[in-house]
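Order of listing sets the numbers, starting from 1, for every ligand and every atom in it. If you read the sequence from its start, that first residue is 1, and numbering goes on from there.
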Amino acid sequence: MRCRKCNRHAVLNMRQHKLALCEEHFPEWFISYTERTIRRYRMFDRDDRILVAVSGGKDSLSLWDVLLRLGYTADGLYIDLGIDGGFGYSRLSYEKVQAFVAAHPGVQLHVVNVAGLYGETIPEVASRKLRGRDKPCAVCGLIKRHEMNRVAQQEGYTVLATGHNLDDEVAVLLSNVLHWQTGYLLRQAPVLVERDGMARKVKPFCRSYEREVAAYALVQGIDYIYEECPYAVGNLTNFYKDLLARLEMESPGTKLQFYQGFLKAREEGFFCADAQGPVEMHPCPRCGQPTTVPGLCAFCRLWERDRMQMNADWNADI
Ligand code: AMP
Ligand code: FES
Ligand code: ZN
Ligand code: ZN
């Protein structure tokens with residue numbers, strides 16, 4: 001396979017774009033494609049201060065790299081979840097983030113250590129609250145969202161960027177459609193606008209295939225953690241990803257069409273705002289972040305040790 005631009009050996013053939021590119025032209029194209037996504041969905045501009053949530057994986061580190069190359073002001077946030085999984089998952093992830101920072105002098109990294117701040121690692125707080133009934137992923141998601149928002153607000157960032165790629169977004173979309181989660185469908189977007197107490201959230205890789213991001217990391221020599229979170233192995237999202245990969249194999253472009261078609265339908269008002277009107281939000285009396293539930297938000301209730309265990313809806317607070 002030859003590069004469309006220079007006829008040299010192509011490192012990646014993107015059947016969905018009918019485009020094959022070489023080691024030099026692929027990263028150029030990938031960076032400009034990301035810039036087009038940023039502009040298309042009005043994510044941010046050069047005046048914004050961006051906080052990139054970096055997990056040590058290929059997506060978030062590549063995103064940080066691309067934003068810096070495009071000349072944006074972008075700092076990093078790493079949340080140490082205290083997950084071991086028998087191979088030091090959180091420690092290894094942090095090492096990858098540190099290596100990236102060392103290779104990019106001048107960038108700033110914020111580090112949140114969940115156990116250091118709140119007294120328990122993710123597996124610890126999850127086993128106390130869930131008593132082994134479930135995996136810690138929902139509790140972990142709640143804590144990550146809360147901490148990302150807290151740091152963005154406290155440190156004066158105008159935008160919070162995550163590395164979610166097209167494969168992630170499409171798997172969530174399929175799940176939301178299969179279960180007709182209309183509330184989640186309404187909120188699933190490349191940009192979530194800022195509100196009182198909530199930073200703007202953006203996903204600049206939402207139109208980029210996972211294999212494109214992986215190829216970008218490889219070509220640019222970005223070292224990242226290959227292992228995924230030990231609790232994610234065998235989860236439903238990965239099952240949906242496998243199904244979607246089979247569809248994509250038969251019909252290249254399926255994922256992108258499914259996602260872009262959804263976004264177009266959203267823009268055209270197919271998913272209209274809640275029939276019952278906007279959801280009432282109020283600031284949590286302890287942390288100040290907006291919440292839909294009465295009293296303390298789901299995050300603050302996690303750390304209430306003495307009270308009766310409450311059945312929080314982990315996904316209610318965004
Ligand atoms: P995940 O929920 O693991 O699929 O990760 C989605 C995105 O959340 C990543 O691309 C990162 O931007 C962000 N993220 C995940 N884990 C962390 C972490 N431990 N610290 C900071 N950001 C994270
Ligand atoms: Fe949070 Fe896996 S990353 S449980
Ligand atoms: Zn080329
Ligand atoms: Zn709270």
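Taking a 4.0 Å cut-off on heavy atoms, C137 registers as neighbouring ligand 2. Not a single heavy atom of E228 sits less than 4.0 Å from an atom of ligand 2.
At the shortest separation from atom 1 (Fe) of ligand 2 among protein heavy atoms lies C140 SG, 2.1 Å.
Ligand-side atoms of ligand 2 in range of C229: 2 (Fe), 3 (S), 4 (S), range being under 4.0 angstrom from any heavy atom.
By the 6.0 Å and 45° rule, R207 does not stack over the aromatic ring of Y259. Relative to the ring axis of F44, R200 does not place its NZ or CZ within 45° and under 6.0 Å from the centre.
Contact check on E267 versus K264 returns no salt bridge, with no Lys/Arg side-chain nitrogen under 4.0 Å from an Asp/Glu carboxylate oxygen. E155 has no carboxylate O lying under 4.0 Å from a charged side-chain N of R49, or vice versa, which leaves the two without a salt bridge. In this structure, K241 does not pair ionically with D167, as no charged nitrogen and carboxylate oxygen lie closer than 4.0 Å. Residues R91 and E95 are paired through a salt bridge, judged by an N-O separation under 4.0 Å between the basic side chain and the carboxylate.
With 2.8 Å as the limit, H146 does not count as an N, O or S neighbour of the Zn ion (ligand 4).
Residue K144 touches ligand 2 through its side chain alone, judged by heavy-atom distances below 4.0 Å.
Vertex the Zn ion (ligand 4); arms to C297 atom SG and C284 atom SG; angle 110° (nearest 10°).
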